[in-house]
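In this text, all values refer to a predicted model and were calculated from it rather than measured experimentally. Side chains are part of it too, since the values below use all heavy atoms of this structure and drop only hydrogens, waters and symmetry mates. Below, read A as the first sequence line, B as the second, and so on, with proteins coming before strands; counting in each chain starts at 1.
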2 protein chains.
Amino acid sequence: MKLDRLDKKILDTLQADGRIANADLAEKVGLSASACLRRMRALEEVGIIDKYVALLNQKKLGRHMDVFVEISLTGQSKETLENFERAVARSGEIMECFLMAGDADYILRLSARDPIDFERIHRDHLAQLPGVLRMKSSFAIRPIVRRTAIPLED
Amino acid sequence: MKLDRLDKKILDTLQADGRIANADLAEKVGLSASACLRRMRALEEVGIIDKYVALLNQKKLGRHMDVFVEISLTGQSKETLENFERAVARSGEIMECFLMAGDADYILRLSARDPIDFERIHRDHLAQLPGVLRMKSSFAIRPIVRRTAIPLED
DNA sequence: TTTCCTTCGGCACACCAATACGCATCTTCC
DNA sequence: GGAAGATGCGTATTGGTGTGCCGAAGGAAA
């Protein structure tokens, strides 16, 4: 699917305000409400718009710690990786996880309330992950940037 | 602000579907539409709900690379840090950035279309960051988990 | 226990937005 | 030049939003 200027404007607007009323969105991008809605539905249909979510304020919910964990596995077999990944996907505490090239096999980020909470997560979630050889945690002192909007150039 | 069971249900639902109609949200959590709307507005008011956004599909937009970059600065003075952080915040390509305890001073994640695009970002954005002593990039092969929903226990 | 007060949910209504549909317009390709 | 497809506009209808008001539940004080 090819995106024209209007599609990008729609996407940019929705990336900034996912709950904007269609009428307002239409005005902002310079389309009629019906035309705008049709484009928006099309973007949802093909999956370019994945979903709409509310982003909560971590700090106000008492989550003051972000921790990165680099993980090396005991092996690289398909089965070892799949087991590990399934377990990661099941844990609601793990916010991000990537399979990596380079030193570590995986890097993941999780958010905790405080050191005691991190210990809980470490014990109940991280230590339960299968096939882990080595784990190295790095603590974030402060988030500088957290962006969900993908730049659409032009 | 204290959150009861209903607030948490509202937040969980909105974290999964930020564009749900208030009437449907109300039915889902077992409230009348008006009561539900009032709670939702209150959660927005105090900032527990930060904002609503559309999440786009990176892959469908041609962004196939996620890169983590660990950065050490030339110094730790307030000014060095602030200059660096301002520059990071200005760059729309940097998706996340954290001030870290431990080896590196900062860790950041960015998304690129391909190696050529990464080179562009490296040249036009990363290399322009002030006060950088050392940079170490790690490439992600595949995202395993990407979550925006904060767990609200119970 | 009674009274007052506060908090919170439900109800109803007025208004406004979403959505489907028909028609007009523009483009593209034979 | 004409037909087909895509896309925009205006409108009518459906349905959701948001507000004012009432009443119920819970707590505090006499």
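Between the CD atom of B:Glu44 and the C1' atom of D:dG18 there is a distance of 13 Å, rounded to whole Å. Rounded to a whole Å, the CG atom of A:Asp4 is 8 Å from the P atom of D:dG8. Atom-to-atom, CE of A:Met40 to P of D:dT7 comes out at 17 Å; the value is rounded to the nearest Å. The interatomic distance linking B:Asp24 (CG) with C:dA17 (C1') rounds to 15 Å, in whole Å. For A:Asn22 and D:dT17, the CG to P distance is 14 Å, given to the nearest whole Å. Taking atom CD1 of residue B:Ile20 and atom P of nucleotide C:dA18, one finds them 16 Å apart after rounding to whole Å. Here D:dG16 presents its C1' atom at 13 Å from CZ of B:Arg19, a figure rounded to the nearest Å. What separates CZ of A:Arg5 from P of D:dT7 is a distance of 15 Å, to the nearest Å.
By the 4.5 Å heavy-atom criterion applied to side chains, A:Phe84 and A:Tyr106 are counted as neighbours. Taking the side chain as every heavy atom from C-beta outward, A:Lys60 and B:Val46 never approach each other to under 4.5 Å.
Phosphate contact (OP1/OP2 of D:dC9, side-chain N/O of A:Arg38, threshold under 4.0 Å): absent. Between B:Arg41 and D:dT17, a side-chain N or O to OP1/OP2 separation shorter than 4.0 Å is absent.
Side chain of A:Asp124 to backbone of A:Ile121: no donor-acceptor contact under 3.5 angstrom is found.
Between B:Leu37 and A:Ala35, the residue anchored closer to the 5' end of DNA chain D is A:Ala35, taking for each the nucleotide with the nearest heavy atom.
For B:Leu31, whose side chain is taken as the heavy atoms from C-beta onward, the closest listed nucleotide among D:dT17, C:dA18, C:dG9 is C:dG9.
The base of C:dG9 is not paired with the side chain of B:Ser34 by any donor and acceptor separated by under 3.5 Å.
Remark: the B:Asp50 side chain and the A:Gln58 side chain contain no N/O donor-acceptor pair separated by less than 3.5 Å.
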